[in-house]
Each structure stands twice: as structure tokens, then as C-alpha cells.
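Chain identifiers are assigned alphabetically (A, B, ...) following the order of the sequence lines, protein sequences preceding nucleic acid strands; residue numbering begins at 1 within each chain. In this text, all values refer to a predicted model and were calculated from it rather than measured experimentally.
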2 protein chains.
Amino acid sequence: MTLQRESLPKARRGRRPGAGSTRQAVLDAARARFASDGFGATTIRRVAADAGVDVSQVMQFFRSKDELFAAVMSVPASALERFNTAFEGPDEHLGERVVRAYLAAWEGPALDSEPLMAMLRGAIVNDHARAQLRDFIQSRLLHGASGRSGDDAALRAGLASSMLVGIVTSRRIIGVPVLVAADTEKLVATVAPAIQRILVGAPSQTDWVKGAGA
Amino acid sequence: MTLQRESLPKARRGRRPGAGSTRQAVLDAARARFASDGFGATTIRRVAADAGVDVSQVMQFFRSKDELFAAVMSVPASALERFNTAFEGPDEHLGERVVRAYLAAWEGPALDSEPLMAMLRGAIVNDHARAQLRDFIQSRLLHGASGRSGDDAALRAGLASSMLVGIVTSRRIIGVPVLVAADTEKLVATVAPAIQRILVGAPSQTDWVKGAGA
DNA sequence: CGAAAAACTCAACACGCGTTGAGAAACTTG
DNA sequence: CAAGTTTCTCAACGCGTGTTGAGTTTTTCG
């Protein structure tokens with residue numbers, strides 16, 4: 001036991017990186033602020049106040065406002081995986097699965113949706129956010145294009161992704177009344193057939209959504 | 001001629017409001033800046049420099065940055081009318097007409113597209129722009145809902161508008177490579193059937209787009 | 001304990017922003 | 001010309017921002 005670290009060249013002494021509760025508090029406050037106020041309107045001072053921490057602490061843990069934003073905005077792996085599985089399944093009900101995945105991702109629990117909201121709100125003013133959103137839409141293509149019909153499968157997947165992001169934006173950021181008022185099932189029932197048509201070219205007369213009856 | 005202004009209580013003398021060339025120059029510079037840089041990143045100093053004018057002149061003609069932005073961001077009546085006619089026609093080829101109207105509006109000549117771009121870029125950070133975009137999407141409903149099928153025609157029109165705005169955003173602001181590379185006709189051919197399905201519920205096997213053959 | 005390292009506090013800097021006011025210059029009338 | 005009115009110039013104010021550095025406290029180790 002005594003010679004456990006003996007061989008290490010530099011045994012670091014002193015206070016170990018603490019429990020990290022402060023850093024986590026800053027991260028939580030920043031995620032909420034960036035998601036609801038956007039990148040430009042979010043100030044480091046406000047984040048620090050929300051976390052009950054000095055301004056300078058924020059700069060010590062995350063070196064700049066951009067790095068703090070980058071730490072917050074990363075698309076959670078869990079959400080990413082759900083998108084992939086939605087795209088990978090069989091063609092039948094593909095549109096419905098994809099629409100549900102997008103709506104769920106942006107309306108689910110805060111820990112999953114807030115980073116996506118921050119990305120969406122920051123995409124216009126922050127280069128990193130714009131690149132991330134671009135890659136997010138673009139990356140759907142790789143999963144959407146594999147094994148799908150035409151050579152334009154990538155374009156189709158990108159279009160579907162853009163359209164669904166547009167719907168989420170209108171609903172959650174712009175606040176278009178008709179979309180805000182509509183419940184999720186109604187949206188799925190209406191949008192799923194169109195997305196299905198975008199992704200797999202062929203039209204059909206069967207019902208696309210399980211319980212979509214009027 | 002001499003008694004032309006005689007009856008007026010206050011005959012205003014002195015220099016007449018000049019040719020207004022300066023005001024117009026400011027307006028043009030502001031429109032371009034707000035469209036390409038967004039509301040937050042556009043500074044009055046930069047607009048003044050673009051127009052070759054002192055900063056204080058901008059504040060004299062337009063009383064504040066918000067009022068300058070409002071003067072720039074109004075949706076041009078010509079574009080608005082084209083949207084309405086696109087929605088009003090017969091159901092046949094409705095999707096194609098609507099898709100073409102949206103794409104043309106944001107990719108046409110600068111004088112028409114720049115205000116729309118400014119509105120889109122400002123919608124996240126500026127309340128006025130958000131309200132304008134909200135009304136823009138919402139107002140399509142009034143024209144889209146009249147005489148259309150179900151009672152959810154308003155929702156369908158709002159969804160179609162949101163989806164098309166999403167495509168334009170991905171293409172012109174986010175810069176998704178696949179969408180940037182695709183030419184307009186390809187986009188119309190791919191998207192029109194889906195929009196058609198959103199607007200008029202019924203599916204069909206016929207080709208929606210005239211020259212959309214593979 | 002005593003030293004090292006991290007966590008934290010406090011105060012300030014430099015910068016760019018929107019905005020304002022005073023005054024000179026240019027032009028239009030009587 | 002002279003008075004009146006507008007356009008333009010110049011300089012500054014106040015504010016909030018991201019960011020920094022010095023100094024203090026607290027914890028962890030030898």
C-alpha cells in the first residue's frame with residue numbers, strides 16, 4: 001500500500017479537484033440560460049448569479065463564453081442514438097418514427113432537450129452552434145442514405161430533417177399559435193405521411209399512422 | 001404661384017427636406033447588413049460606415065436601432081401578394097406553386113429577399129422580428145384555410161409554411177451542404193408532393209410536378 | 001504541522017455598444 | 001443679403017460586456 005504511487009514520476013500533491021459541485025451548478029445554469037435566452041442574450045454574469053457563484057469562477061472552469069457554450073450545446077448521445085434507430089428501421093412507418101423522434105427530442109425532459117434548444121437558438125449567431133446544427137442535419141443523411149432507394153437519398157434525408165427542424169422551431173421558438181396549440185399526436189398524424197413521402201419516394205393509400213383516425 | 005402657400009397657417013421656410021439620398025443609402029446599407037449579419041451582429045456604426053455617413057445621421061433619420069430594423073424588415077408587398085396567389089389557386093399543383101413561391105422569395109433579387117432574410121435572422125433575438133415571422137406563418141393560414149378541406153386546414157397551412165421556412169433556413173443560413181448543392185428544380189420535384197399531401201389531405205399516384213421525371 | 005494546490009473573492013480593465021447634444025455647413029426662402 | 005430650416009460633423013457619455021489578475025481561504029497531501 002505504501003509503495004502504490006512510488007513508481008510514478010510526479011505524484012501531485014495538494015487539494016484534489018473538489019467534488020465538482022460548483023462546476024456542475026454552473027453547467028446546469030448555463031444550459032438552462034442558453035436554451036431559453038439564446039447565446040447573445042445570455043451573459044456570464046447571469047449564469048454565475050443563477051449558479052450562486054462568482055463571475056470569475058465561470059471563467060476558471062470554462063475558459064471563455066464560447067467554451068462554456070460548447071460544453072452545454074453538445075447533442076446528448078442518448079438523443080443521437082434514438083435518431084439513428086428511428087432512421088434505420090424498415091420503410092414501413094418510417095415517417096412516423098422519424099417525426100416522433102424529432103418531436104420527442106425537443107419536447108422531452110430538460111436534460112435532453114435543452115442542449116438541442118441551445119443549439120437551435122445559437123445557430124444564427126454562433127459559428128460553433130451553426131456548424132453543429134449543420135452536422136446534425138447532415139449526419140442524418142449517412143444513416144438515412146444507407147440502403148434507401150435513389151441516389152438522392154441523402155438529399156431526401158436532409159430535406160426531411162430541415163422540415164422537421166422548421167416545425168420544431170415554429171412551435172418552440174417562434175411560437176406560432178396553431179402549432180403551439182396542436183397536440184403531438186395530431187402533428188404526427190398530419191406530418192408523418194409527408195415525411196414518409198420525402199424519405200421513400202413511393203406514395204401509398206394505406207394509413208401511415210396507427211391511431212390517426214379522425 | 002405667389003399665393004400658393006398663402007392660406008397655410010405656417011408657411012415653412014428654409015431648406016426643404018433634401019433629396020433623401022442619404023436616408024436611402026442608410027436604408028440600403030442597413031438592409032444588407034441585417035440580412036447577412038443578423039440583428040445582434042449588425043452595429044449602427046457599421047451601417048453608417050457602409051453608407052458613408054456619420055453615426056449620428058442614422059439616429060436622426062431612424063430614431064433607434066429597433067426602428068431602423070423595423071423599417072428594413074417589413075415583408076415587401078409584392079412578395080406577400082405572390083404568396084397569396086400561390087395559396088389561392090386550384091388544388092392541382094398547389095404544392096408545387098407553394099414550394100416555388102417560398103424558394104423564389106428567399107432566392108430572388110436582393111430587394112425582395114433581404115427583408116425576409118433579415119426577418120429570419122432576427123427572429124430569434126428580436127421581438128419585433130419574431131412577431132413578424134409568427135404573423136407571416138400564421139397569415140398563410142387565412143388564405144390557406146379558406147375553402148380547403150378539413151377543419152384542420154389552418155394547422156396544415158401552418159405546418160407547410162414552417163417546413164418550407166425550415167428548408168430555406170437550412171439552405172441559406174445554416175448552409176447544409178446537400179441542400180446548398182441541390183438546384184431549385186430538384187428541390188421542387190422532391191418537396192412539392194409532400195407539401196401537397198400536407199395541404200390537401202388526399203394522396204394520389206399521379207405526378208405532381210410537370211417536368212419532374214427522373 | 002507545513003507546504004502545495006485547488007477553490008473562491010474582490011476589484012478592476014479595456015472595449016464596443018446605442019445614444020445624445022452642441023455647433024458648423026449647406027440650402028431655401030423672404 | 002438675412003433669416004430660417006435642415007443636413008451633417010465631432011466628440012463624448014453611460015452602460016454592460018467578456019476577461020484578467022492579485023490575494024484569500026479551504027482542502028489534501030507528505
**Asked** Which whole-number value in Å describes the distance from A/Met59 CE to C/dA7 C1'?
**Response** 17 Å
**Message:** Would B/Lys65 and B/Phe39 count as a cation-pi pair here, with the cationic atom under 6.0 angstrom from the ring centre and within 45° of the axis?
**Reply:** yes
**Complete:** Heavy-atom nearest nucleotide on DNA chain D taken for A/Gly40 and for B/Asp54; more 5' hit belongs to B/Asp54
**Message:** Nearest whole Å is fine: how far is C/dA7 P from A/Gln24 CD?
**Reply:** 14 Å
**Request:** Take the protein atom CD of A/Glu67 and the nucleotide atom P of D/dG18, then report the distance between them rounded to whole Å.
**Result:** 15 Å
**Message:** Distance criterion of 3.5 Å, no angle test: do you see the side chain of B/Arg45 paired donor-to-acceptor with the base of C/dG18?
**Reply:** yes
**Message:** Let me spell it out: for each of A/Arg63 and A/Ala41, pick the nucleotide of DNA chain D with the closest heavy atom. Which residue's pick is nearer the 5' end?
**Reply:** A/Ala41
**Message:** Using a heavy-atom cut-off of 4.0 Å across all strands, would you classify A/Val55 as base, sugar-phosphate, or nothing?
**Reply:** base
**Fill in**
Closest of D/dT7, C/dC8, C/dG18 to the B/Gln57 side chain is D/dT7
**Item:** Side chain to side chain, B/Arg134 and A/Pro177, heavy atoms closer than 4.5 Å
**Value:** yes
**Asked** Among D/dT19, C/dT19, D/dC8, which nucleotide sits nearest the side chain of B/Gln60?
**Response** D/dC8
**Request:** Check whether the side chain of A/Ser56 and the base of D/dG21 form a donor-acceptor pair under 3.5 Å.
**Result:** yes
**Item:** Given D/dC8, C/dT19, C/dC8, the nucleotide with the shortest approach to the side chain of B/Lys65
**Value:** C/dT19
**Prompt:** Any side-chain heavy atom of B/Phe136 within less than 4.5 Å of one from B/Leu133?
**Reply:** yes
**Request:** Provide, to the nearest angstrom, the distance between the CZ atom belonging to A/Phe61 and the C1' atom belonging to C/dT9.
**Result:** 13 Å
**Asked** Taking A/Arg197 for the side chain and B/Ala194 for the main chain, is one N or O donor matched with an acceptor at less than 3.5 Å?
**Response** no
**Prompt:** What integer distance in Å separates B/Phe62:CZ from D/dC8:P?
**Reply:** 12 Å
**Message:** Can you measure B/Arg33 atom CZ to C/dG18 atom P for me and round it to whole angstrom units?
**Reply:** 13 Å
**Prompt:** Quick one: B/Phe69 CZ to C/dG18 P, roughly how many Å, whole number?
**Reply:** 13 Å
**Message:** Pair B/Arg100, B/Glu185 - check salt bridge (Lys or Arg N to Asp or Glu O under 4.0 Å), show working.
**Reply:** CA-CA 9 Å; B/Arg100 279 194 199 281; B/Glu185 287 306 315; 2.8 Å; yes
